[in-house]
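In what follows, a structure is listed as structure tokens, so that the remarks can point back to it.
Letters A, B, ... mirror the listed sequences (proteins, then strands); counts begin at 1.
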Amino acid sequence: MKRWIYTPSPLLDKTLAESLTTFPRDPTLTVYGLRLFGMIFLRAFFATYFRLRVPGRERIPKAGPFLLVANHTSHLDAVALACALPVKQWHHAYAAAAQDYFFHGVFRALVAVVFTNALPFDRRDDPKHSLELCADLLHVSREALIMFPEGTRSSDGSLQNFRNGIGRLVAGTSTPVVPAYIDGAFRAWPRGSVVPMPRRVTVRIGESRRYDDTPPTREGAIAVAADLHQAVLELRECGPSS
Amino acid sequence: MTNGFAFQDPTYLVYVRIWLGILLTSGAILGVLVLARRGHPTVRSALVTYRSWWVILPLMALPLGLGRPATIGAVTLLSLACFHEFARATGLYRDWYFTGAVFFAILCLSYVAWIRWYGMFLVLPMYAVALLLIIPVLRNRTEGMIQHAGLSIMGFLYFGWFLGHLSYLANLKYGLSYLLFLTLAVALNDVAAFATGKLFGRRALASNVSPRKTWGGAVGCVLVTAVMVWALRSMLPRFGPMQLMLSALIVGIGGQLGDLVISVVKRDLGVKDLGAVFPGHGGWLDRYDSLIFVSPLFFHMIAFYYERGISLSPGG
């Protein structure tokens with residue numbers, strides 16, 4: 001007779017806070033269902049309240065792995081990008097989120113994990129380990145990753161320099177990198193403001209690019225970061241100035 | 001139980017006072033112990049367990065005070081949480097078809113309790129089992145399906161249907177009194193079982209299941225619970241000596257059996273606790289294991305004596 005084999009969840013004796021921070025995550029139906037309902041609601045909210053438009057939506061690859069890179073001015077950014085993705089990709093797109101900010105309280109972590117599938121990114125103490133997590137996600141699990149290479153929200157809405165980590169992640173690999181520019185999120189909900197205002201938000205998607213030829217060195221990483229910075233800048237210029 | 005608030009209900013207020021009295025008294029005793037034996041591991045773990053009670057109490061008292069809809073909602077969430085924990089511990093949670101079907105069946109059961117359709121409430125397990133058994137057929141899969149179907153059926157029956165009787169209890173005229181009694185009695189019975197198990201008895205009750213449970217402790221616990229039920233008799237409407245005795249036996253014996261049932265699950269799986277929601281207690285199942293076993297027994301005891309005329313049709 002065949003014996004029953006039990007494979008308990010590895011997170012069984014972890015508290016909610018601990019299991020939210022653990023990555024790679026153990027997907028459960030509950031989180032999947034919450035995310036589905038949450039995203040349907042958020043999509044409707046973004047379409048009406050922020051009148052979200054996504055020119056160039058067709059440039060997003062149909063399946064992972066790919067890296068979505070954008071400017072960062074507001075908490076709306078990650079959700080706006082998730083709303084720009086097709087429904088099928090919601091559960092397969094992970095937003096790299098600052099561990100020191102989003103994984104500090106249980107409630108904040110829960111919102112981040114449910115809505116944007118947040119990946120805890122330790123930008124202060126151990127960014128190397130977090131970059132390895134991201135690399136695994138892209139190259140082993142073949143999922144999509146959303147990243148804000150500026151490393152933090154801009155305080156005046158301008159585009160800051162990109163960190164080199166983004167270059168280290170993709171230099172010398174064939175992972176497609178899709179640049180995007182989020183327009184209007186700063187006016188809708190800037191840093192420090194409490195209530196989001198009903199302003200139009202536009203996510204402009206650029207042509208995806210690869211960096212197979214760039215050497216995976218420090219210089220290569222800097223070059224990739226500069227190239228992506230330029231790509232996002234160009235997307236900002238090509239829209240109607242507002 | 002009515003759909004309106006019950007915060008002003010005299011029975012409700014008495015039970016809230018009892019709970020607060022017990023928690024504050026034990027807190028005071030614990031405080032003295034902490035001062036006397038600071039850093040002692042037993043005292044420290046008792047403190048962690050005690051703190052969790054201050055979370056558990058409002059979780060139970062609030063829905064009961066908010067009335068029937070909130071109570072049925074809370075029982076539904078408790079059922080879902082218990083099943084979810086069971087599914088995580090057994091590995092069933094990786095099969096989303098079965099987990100989803102059990103979630104759906106639990107929601108259906110709560111809806112049936114909400115519209116007071118007693119006949120369907122009793123028959124729903126048949127439909128649930130039928131649904132769960134056709135899932136492998138619809139998916140055209142056989143590998144491991146007996147295990148998944150078996151675990152799902154146990155999950156629905158034990159965590160959904162058994163606990164669902166608390167929802168139906170809320171439909172009865174004196175539902176609030178019964179539910180208040182049951183939550184307090186089962187909680188105190190757990191504490192009594194823990195205490196008497198430590199104090200009396202040497203012969204193990206089921207040594208392979210739980211080495212801490214002894215015959216002496218079990219008998220002592222039933223006696224303590226009987227005294228407690230007798231003390232609460234004035235707040236149990238319509239209950240005579242026979243019903244009081246049966247309640248004591250159901251809570252006293254059933255509570256300990258429920259504990260042992262979950263111990264079997266844990267032992268077979270080789271895990272210590274099924275979750276970490278309540279520090280010092282474990283997960284939802286570690287806290288509510290005895291209530292699951294007691295609920296249907298208590299409900300059907302009441303139904304046998306006082307609800308024989310209950311209609312099987314919706315709205316009955």
Inset, instruction - Answer with yes or no after comparing the ring centroid distance for B:F278 and B:W53 against a 6.0 Å cut-off, counting only values under it. - result: no
Legend entry - Toward chain A, the part of B:V271 with a non-hydrogen atom under 4.5 Å: side chain
Inset, instruction - Could you tell me which non-hydrogen atom of B:L109 sits nearest to which non-hydrogen atom of B:G160, and how far apart they are? - result: CD2-O, 3.3 Å
Legend entry - chain B contact via A:L16 - which portion, at a heavy-atom distance below 4.5 Å: neither
Legend entry - Leading residue by heavy atom contact count with chain B [cutoff under 4.5 Å; candidates A:P27, A:G33, A:P8]: A:P8
Legend entry - Salt-bridge criterion met for B:D259 and B:K213 (N-O under 4.0 Å): yes
Inset, instruction - Evaluate the salt bridge (charged side-chain N to carboxylate O under 4.0 Å, His left out) criterion for residues B:K266 and B:D286: first the C-alpha distance (whole Å), next the side-chain angles of each, then the deciding distance (0.1 Å), finally the verdict. - result: CA-CA 10 Å; B:K266 287 193 280 194; B:D286 297 296; 2.6 Å; yes
